[in-house]
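Below, all heavy atoms of this structure are taken into account, side chains as well, without hydrogens, waters or symmetry copies. Letters A, B, ... are given to chains in the order of the sequence lines, protein chains preceding strands, and every chain is numbered from 1. What you see is a predicted model; the values in this text were computed from it and never measured.
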Amino acid sequence: MEQEAELQRLAPDLLVREKKERVSRLRELDGAGPGFTVRLAPYPSGAPHIGNTRMFILNDEYARKYGGKLILVFDDTIGSEEKFPSLESYTLMEEGLRWLGVRWDAVYYKSDRLELFYSWAERLISEGIAYVCMCSAETLRNMREQGKDCSHRHHTPDQNREYWDMMVGGKYREGEAVLRAKTDMAHRNPAFRDRVLCRISHREHPRVGRKYSVWPMLEFSWAVDDVELGMTHVIRGKDLVMEDMMERFIWERLGITGPRFEHFGLLRIKGVKISKSKSMAEVSSGAYTGWDDPRTWSLQSLAARGFRPEAIRNFILSLGMSLSDIEVPVDSVYSENRKLLEPSADRYFFVGRPVMTEISGLDGEGVVESYLHPDRPERGSRKIRVSGRVYVSSADMDAFAGREVRLKDFCNVRLAPGVSEFLGRENREIQRIQWVPAEGCVACRVVMPDGSTVEGFAEPNVSGLQPDVPVQFERFGFVNPRGMLGDTMLFHYAHD
RNA sequence: GCUCCCUUAGUGUAGAGGCCAAUCAUGCGGGGCCUUCGACCCCGCGACAUGGGUUCAAAUCCCAUAGGGAGCACCA
């Protein structure tokens, strides 16, 4: 304590700096060193959203930390009925990643690598590690439950190779045959009993069409690519630990040393429900305005709200690499962004759901002047021409009608719908509310995070605002100007 | 039910046997700034899930209990 006081006297800047540099740092990873290589594996079924950013940022951040490589691998296998890749999603993904400040060194597409997966599959077949199974999905599940082998498990590698060639040759319909790993049908973890490596799908793929009818499952494709693409580490969510086991099993059988696995726990954001497939449907039907609709929680929508990518990064890094599943209030994200926006966002008056009131007995018209940013007078000021008619928000009217309030920076009135009595100009310690002059105010629409809109008026000065430079509507929140919609100015609401 | 994982203040997080009567952020409470804002600034509040071990010493290692999560898909 004494030392601190002493230091404060001698070199106050030292104290400040120490506090500032205490940014959360990621823990060291075992085995990280030269050649460090990790990958990002987005599935292109829509725009990236805030829930995906943990995987993005942790991989990016570790790649930077160790001066290593970050490979972007589109995990665009054929998916399922509910979850399928789409062409525009590739662009949306890259756009989102770029916005986030993620820098990758190379890009690959799983859909370009089917032949490679096939060659590995054939190797597994010939070494007796995998077999073609013709059980139905239901039979397969039942056998797994009982821990019993099916007859297909005992086919010879040559027989399996024959069936496999028929699979690849498109001789089977979907669901008629799969390639399974011969792990152990009595494995204590029922989920691990002879998992499926490849299955048949005749659906059309946005990049390769109907060229292939056999597609790898996630864990098999990664067992191949984590080795083929030279990963030293795999940083993934802990929902994928079973996939580690599967990859390790394959490598072990083939005598390969694979990368190390690192996991982070699941992240949920309280009050934010994200459904990519729902967003996809609503965007394409037009129910949402597009991928910038706040309800998608896509990175595009966050950009539209005026979020700074660094805010997202700081938020994710503050969570660290913890393995526990967490639920974080959305306020934590907002507060990170607020820290970045607050110093630069100019202040303006906006009234939502406006009601007009006339100031009776006003001592003349004129101009009031306010700072653009009260804490930073050097940013300059703004002027509002005033007369006896102003709008206030209906919320303020409801809350304060009949009471003395100060129209901020202007004058004091006894607030009432219709006509408010003028009470003088001196700055008194009473409730202040925002207002806009009836003449020259700008019609605004603010899109809220839940997709609803608030219509209102803003002071005339907002008409010169640059798009995508966030401002603060006082006592309303931080908003991002998006441009004009006819005579109405469009904003997206960031947070309070 | 089976398998795996997690458990530090309201919410997250730091902490890898003594430096911890425990870090930081957010939240909450109070104050400040005042061309007087729900922003910002300052101060304060608040936690090692429980029970056993191991050790001279445990938030940190081991075991059990409780609570939470994930997986058990021919999705990723």
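Between B:rA25 and B:rG44, the distance separating the two P atoms is 12 Å to the nearest Å. B:rG10 and B:rG71 have their C1' atoms separated by 30 Å, with the value rounded to a whole Å. For the P atom pair drawn from B:rC24 and B:rA76, the interatomic distance equals 45 Å after rounding to whole Å. Atom name C1', nucleotides B:rC41 and B:rA16: the rounded distance is 36 Å, in whole Å. B:rG15 and B:rC20 are spaced 9 Å apart, taking the C1' atom of each and rounding to whole Å. If you take atom C1' in B:rA57 and the same atom in B:rC43, they sit 36 Å apart, rounded to whole Å. Spacing between B:rG68 and B:rG31 at atom P, rounded to whole Å, works out to 40 Å. Spacing of C1' atoms, B:rA66 relative to B:rU23, comes out at 28 Å, to the nearest Å.
Remark: A:Leu97 engages A:Leu40, A:Phe56, A:Leu72, A:Val102, A:Trp104 in a side-chain contact (heavy atoms from CB on, under 4.5 Å) (not counting sequence neighbours). Residues passing the side-chain contact (heavy atoms from CB on, under 4.5 Å) test with A:Pro44 are A:Phe74, A:Asp76, A:Pro85, A:Ser89, A:Tyr90, sequence neighbours excluded. For A:Tyr163, the ring pair (Phe, Tyr, Trp, His ring centres under 6.0 Å) partners at least two apart in sequence or on another chain are A:His155. In this view, A:Val168 and A:Tyr118, A:Trp164, A:Val214 satisfy the side-chain contact (heavy atoms from CB on, under 4.5 Å) rule, not counting sequence neighbours. A:Tyr62 pairs by the ring pair (Phe, Tyr, Trp, His ring centres under 6.0 Å) definition with nothing, not counting sequence neighbours. Here A:His205 pairs with A:Trp215 under the ring pair (Phe, Tyr, Trp, His ring centres under 6.0 Å) rule; sequence neighbours left out. With sequence neighbours left out, A:Arg385 forms a side chain to side chain donor-acceptor pair (under 3.5 Å) with no residue at all.
The 5' end of RNA chain B is approached more closely, in terms of each residue's nearest nucleotide, by A:Leu323 than by the other of A:Leu323 and A:Glu336.
If you measure from atom CZ of A:Arg338 to atom P of B:rG38, you get 12 Å, rounded to the nearest angstrom. Across the protein-nucleic acid pair, A:Phe315 atom CZ and B:rU13 atom C1' stand 12 Å apart, rounded to whole Å. The distance from atom NE2 of A:His187 to atom P of B:rC4 is 9 Å, rounded to the nearest whole Å. As a whole-Å value, the separation of A:Tyr348 OH from B:rU35 P is 19 Å. The nearest whole Å value for the distance from the CZ atom in A:Arg379 to the C1' atom in B:rC40 is 14 Å. Remark: C1' of B:rC37 and CG of A:Leu407 are 15 Å apart, rounded to the nearest angstrom. Protein atom CZ of A:Phe264 is 17 Å distant from nucleotide atom C1' of B:rC4, rounded to whole Å. At whole-Å resolution of the value, CD in A:Glu327 and C1' in B:rU7 are 15 Å apart.
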May I have the list of side-chain donor-acceptor pairs in residues 264-280 of chain A shorter than 3.5 Å, sequence neighbours left out?
| unit_1 | atom_1 | unit_2 | atom_2 | d |
| --- | --- | --- | --- | --- |
| A:Ser275 | OG | A:Lys278 | N | 3.1 |
| A:Lys276 | NZ | A:Tyr43 | O | 3.3 |
| A:Ser279 | OG | A:Ser275 | O | 3.0 |

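Within the nucleic acid shown, A:Glu429 comes within 4.0 Å of at least one base atom, counting heavy atoms only. Residue A:Pro374 is in base contact, counting any heavy-atom pair closer than 4.0 Å across all strands shown. Looking at heavy-atom distances under 4.0 Å, A:Ser335 makes contact with sugar-phosphate atoms alone, never a base. Nucleic acid contact class of A:Phe478 (heavy atoms, under 4.0 Å, all strands): sugar-phosphate only. Backbone-only engagement by A:Lys408 is indicated by non-hydrogen atom pairs under 4.0 Å involving sugar-phosphate atoms exclusively.
Checked for salt-bridge contact, A:Asp396 and A:Arg475 meet the test: a charged N lies under 4.0 Å from a carboxylate O.
Regarding contacts with the backbone of B:rC37, every side-chain N or O of A:Arg347 stays at 4.0 angstrom or more from both OP1 and OP2. Taking 4.0 angstrom as the limit, A:Ser322 places a side-chain polar atom (N or O) nearer than this to OP1 or OP2 of B:rU13.
Taking the centre of each ring, A:His495 and A:Phe478 come in below the 6.0 Å mark. Remark: aromatic rings of A:Phe410 and A:Trp435 are close, center separation under 6.0 Å.
In this entry B:rC61 has B:rG53 as its Watson-Crick or G-U wobble partner, both defining distances falling under 3.5 Å. Using Watson-Crick or G-U wobble geometry with both donor-acceptor distances under 3.5 Å, B:rG71 finds its partner in B:rC2. The base-pairing partner of B:rC20, taking Watson-Crick or G-U wobble contacts with both distances under 3.5 Å, does not exist among the strands shown. Pairing for B:rC33 is absent, judged as Watson-Crick or G-U wobble with the two contacts each under 3.5 Å. Remark: B:rC45 base-pairs with B:rG27. Criterion, Watson-Crick or G-U wobble with two distances under 3.5 Å. With a 3.5 Å ceiling on both atom-pair distances, the Watson-Crick or G-U wobble partner of B:rA66 is B:rU7.
The side chain of A:Ile326 sits closest to B:rU13 out of B:rU13, B:rA39, B:rU26.
Taking both residues in full, the closest heavy atoms of A:Leu26 and A:Met321 are given as CD2-CG, 4.4 Å, listed atom of the first, atom of the second, then distance.
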For this session: Determine, for nucleotides 62-67 of chain B in 5'-to-3' order, which nucleotides have protein heavy atoms under 4.0 Å from the base (write B), from only the sugar-phosphate (write S), or from neither (write -).
Result: ------
For this session: Sugar-phosphate atoms are those with a prime plus P, OP1 and OP2; base atoms are the rest. Using that split, label each nucleotide of nucleotides 70-76 of chain B B, S or - for protein heavy atoms under 4.0 Å, 5' to 3'.
Result: SBSSBBB
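Looking at A:Phe307 and A:Tyr334, their side chains come closer than 4.5 Å, going by heavy atoms from C-beta outward.
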Distances under 3.5 Å between protein N/O atoms and the N/O atoms of nucleotides 47-49 of chain B, please, pair by pair.
none

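Applying the salt bridge (Lys or Arg N to Asp or Glu O under 4.0 Å) rule to pairs touching residues 169-190 of chain A yields A:Arg173-A:Glu176, sequence neighbours excluded.
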